Structures are given as structure tokens and as C-alpha cells.
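What follows is a single structure, written as C-alpha cells, with notes after it.
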Protein chains: 2
Amino acid sequence: MADIQASYLACPIRQVISRFGDKWSMLVLYTLNESETGVMRFNELRHHMTDCSQKMLSATLKNLEQSNLINRKVYPEVPPRVEYSLSDTGKSLMPSITSLINWANEHFDDVVTKQLA
Amino acid sequence: MADIQASYLACPIRQVISRFGDKWSMLVLYTLNESETGVMRFNELRHHMTDCSQKMLSATLKNLEQSNLINRKVYPEVPPRVEYSLSDTGKSLMPSITSLINWANEHFDDVVTKQLA
DNA sequence: TCTCATAGTTACCAAAAAGTTAGAAATGTT
DNA sequence: AACATTTCTAACTTTTTGGTAACTATGAGA
């Protein structure tokens with residue numbers, strides 16, 4: 001998310017990648033979408049993404065919120081409670097992401113196995 | 001494309017991201033798909049992706065080929081001629097990617113404009 | 001008073017990704 | 001002989017990403 005150049009602004013594809021094409025964003029969106037209530041707390045997400053560090057989860061959630069893809073609701077309690085959920089925009093993105101994930105599951109072997117052989 | 005860990009192997013979503021979720025891969029796939037003949041040469045691709053350096057285009061094409069998403073055909077001529085096209089696996093991926101790109105075009109403002117305001 | 005729990009942030013460091021520049025081949029043209 | 005063409009590769013540098021560990025705040029309970 002460095003400086004924004006003209007060519008960058010002009011290319012929606014690049015925009016897409018840069019907003020949720022990083023290491024953890026899709027996994028967060030996917031996890032939120034799979035949740036029954038549609039709402040998850042910080043540590044709850046952490047338990048579903050065990051190899052994502054606290055720092056990265058925090059940064060990922062912040063970016064997704066700033067990109068309008070998730071909602072963040074803070075309850076003024078102690079200890080703090082913060083609930084995350086997909087925004088309407090985020091929900092509208094899920095069919096595309098799900099399509100991608102299904103493809104990944106189906107073509108896993110075509111794409112990956114060859115490399116290890 | 002770093003080292004491969006157990007959790008990494010176990011997660012097809014992460015696999016997807018790592019194979020074509022980088023800075024340029026989707027743009028290459030999209031560009032090849034848009035081409036009328038379905039075949040493009042190296043410099044032809046370059047002209048469609050002006051802000052991608054030669055080195056990165058080369059590396060991206062190599063990765064896509066190793067991931068079985070594109071075909072690379074070399075003609076033994078001078079100067080060299082190399083033609084790239086989508087593989088069958090690559091073609092099967094395009095609906096998902098197109099879906100993502102269409103979403104990006106439609107929701108560009110929701111996701112991006114807020115940040116500059 | 002001490003500790004726990006939650007949801008983070010910050011500083012520091014290492015690794016990875018990506019950009020720049022140069023050049024390697026091989027051969028046809030000037 | 002010099003140069004252009006095309007598709008790369010290598011060396012070097014900068015930028016970005018991601019990990020670890022320590023720190024914050026607050027109130028409840030022991």
C-alpha cells in the first residue's frame with residue numbers, strides 16, 4: 001500500500017490483488033463467511049488460523065476494514081470485545097472468492113503436484 | 001514460493017494465492033485470455049503491461065508455466081520467438097478470475113475511493 | 001497487591017519480492 | 001564491422017512483508 005501511481009489507479013485488477021491478494025486476507029474472508037453466526041471475535045479468528053501471527057491478523061483486519069470489506073464493532077467492555085463480520089461489499093465478493101477456492105480444491109493436483117515431482 | 005510447510009500444503013486457499021495471487025500473474029492470465037488468437041509473444045505481453053519490468057514478466061511466465069497454467073512454445077529461430085498461451089488448466093481457471101475482475105470493476109469505488117477521502 | 005484476560009500496538013530484525021542495469025546469445029541488415 | 005532484434009539471465013540494490021517478543025489498557029477476582 002505504498003504510494004499510488006497513475007497506472008496503478010488505472011488498473012482494477014491490480015487493485016483487487018493488492019486489497020485481498022496478500023498472505024492472509026482471503027483466509028479471513030473465507031473464515032468469516034464460513035462462520036454460522038457471521039460474527040467472530042479476534043481470538044476466535046486466531047484459533048481458526050493458527051499459523052497467522054497476532055500482528056499479521058491485526059494488520060490484515062485493519063486493511064480489510066479500511067477497504068470496506070469487513071465491519072468492526074467494538075463493545076466498551078473490559079476485557080475488550082471486538083466483533084468482526086463481512087460488510088455488504090465483502091459479502092458480494094464471496095461468490096468470486098468461493099469460485100476461486102473451489103477451483104483450487106479441484107485442480108490442486110494439476111497445479112501443485114508437478115512441481116514436487 | 002518460499003519453503004513449503006505442512007500447514008501450507010494442507011491449505012488449498014493458500015496454494016491458490018501463492019500460485020497466481022502475486023503482483024502480475026492474474027494480469028498475464030487475463031491478458032492472454034483477452035487476446036484474439038489466444039497466443040502472445042513476450043514483447044507483446046510487455047506492451048500490454050507497461051509497468052511490469054522485463055525481469056518480473058519473465059519470472060511470472062516461468063512460474064505460471066511451472067504451475068501448469070500456461071503453455072510455452074519456443075521456435076528455433078533468430079531472433080528467438082516464444083509463444084505463450086493458456087493451458088487447459090489455465091483456461092478452466094479463467095471464469096473464476098474473470099468473476100473476480102468483474103467484481104473489481106463494479107466495486108472499485110466501494111473499496112478504493114474511501115481510502116483517499 | 002498480584003495476576004489474568006482481551007485486543008491490540010510497537011520496536012526490532014530477517015527474509016522475500018521486486019526494481020535497475022547490464023549483458024549474453026545468434027544472425028540478418030546496413 | 002557495427003548494430004538491431006528478441007528473450008531471457010545475473011548482479012546488485014531497494015522496498016515490502018512477516019515473524020518474535022515485549023508492551024499497553026482496564027477491571028475482575030484471589
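Reminder, nothing fancy here: chain letters follow the sequence lines and each chain counts from 1. Quick caveat, the model's predicted, so the values are computed rather than measured.
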_With a cut-off of less than 4.0 Å, is there a side-chain N or O of A/Ser58 near OP1 or OP2 of C/dA7?_
no
*Atom CG of A/Asp51 and atom C1' of D/dT20: how far apart are they, to the nearest Å?*
15 Å
*N/O (side chain, A/Lys62) to phosphate O (OP1/OP2, C/dG8) under 4.0 Å*: no
_Can you tell me which nucleotide in D/dG19, C/dA7, D/dA10 comes closest to the side chain of A/Ser53?_
D/dG19
*Tell me yes or no: between the side chains of B/Ser25 and B/Asp22, is some donor less than 3.5 Å from an acceptor?*
yes
*Picking from D/dT7, C/dA7, D/dG19, which would you name as closest to the side chain of A/Val82?*
C/dA7
*Nearest whole angstrom, please: distance from the C1' of C/dT6 to the CZ of A/Arg72.*
12 Å
*Starting from the 5' end of DNA chain D, give me the residue, A/Met56 or A/Val78, whose nearest nucleotide shows up first.*
A/Met56
*Phosphate oxygens OP1/OP2 of C/dA26: is one of them under 4.0 Å from a side-chain N or O of B/Tyr75?*
no
_Listed nucleotide nearest any side-chain atom of B/Gln54, set D/dG27, C/dA22, D/dG19_ = C/dA22
*Go through the steps for A/Tyr84 and A/Val39 under the test side-chain contact (heavy atoms from CB on, under 4.5 Å), then give the verdict.*
CA-CA 6 Å; A/Tyr84 295 95; A/Val39 171; over 6 Å; no
*asked:* Heavy atoms from C-beta onward define the side chain here; which of C/dA18, D/dT6, C/dA7 lies closest to that of B/Lys23?
replied: C/dA18
*Separation of C/dT9 C1' from A/Asn63 CG (nearest whole Å)*: 15 Å
*When the ring planes of B/Phe20 and A/Trp103 are compared, do they come out parallel, tilted or perpendicular, using 30° and 60° as the limits?*
perpendicular
*With B/Arg81 as the cation and B/Tyr75 as the aromatic partner, state whether NZ or CZ is under 6.0 Å from the six-membered ring centre and within 45° of the axis.*
yes
*List the steps and the verdict of side-chain contact (heavy atoms from CB on, under 4.5 Å) for B/Asp88 and B/Lys91.*
CA-CA 5 Å; B/Asp88 287 343; B/Lys91 282 177 193 160; 4.1 Å; yes
_Nearest whole Å is fine: how far is D/dT6 P from B/Leu61 CG?_
16 Å
*Looking at C/dA7, D/dT6, C/dA11, which one has an atom nearest to any side-chain atom of A/Lys55?*
C/dA11
*Roughly, in whole Å, what's the span from CZ in A/Phe42 to C1' in D/dA25?*
15 Å
*With respect to the phosphate group of C/dA7, does any side-chain polar atom (N or O) of A/Arg41 fall under 4.0 Å of OP1 or OP2?*
yes
*Nearest-Å distance, CD (B/Glu83) to C1' (D/dT7)?*
13 Å
*Protein-nucleotide distance (B/Asn43, atom CG; D/dT7, atom P), rounded to Å*: 5 Å
_Just the rounded figure in Å: distance from C1' of C/dA7 to CE of A/Met40._
15 Å
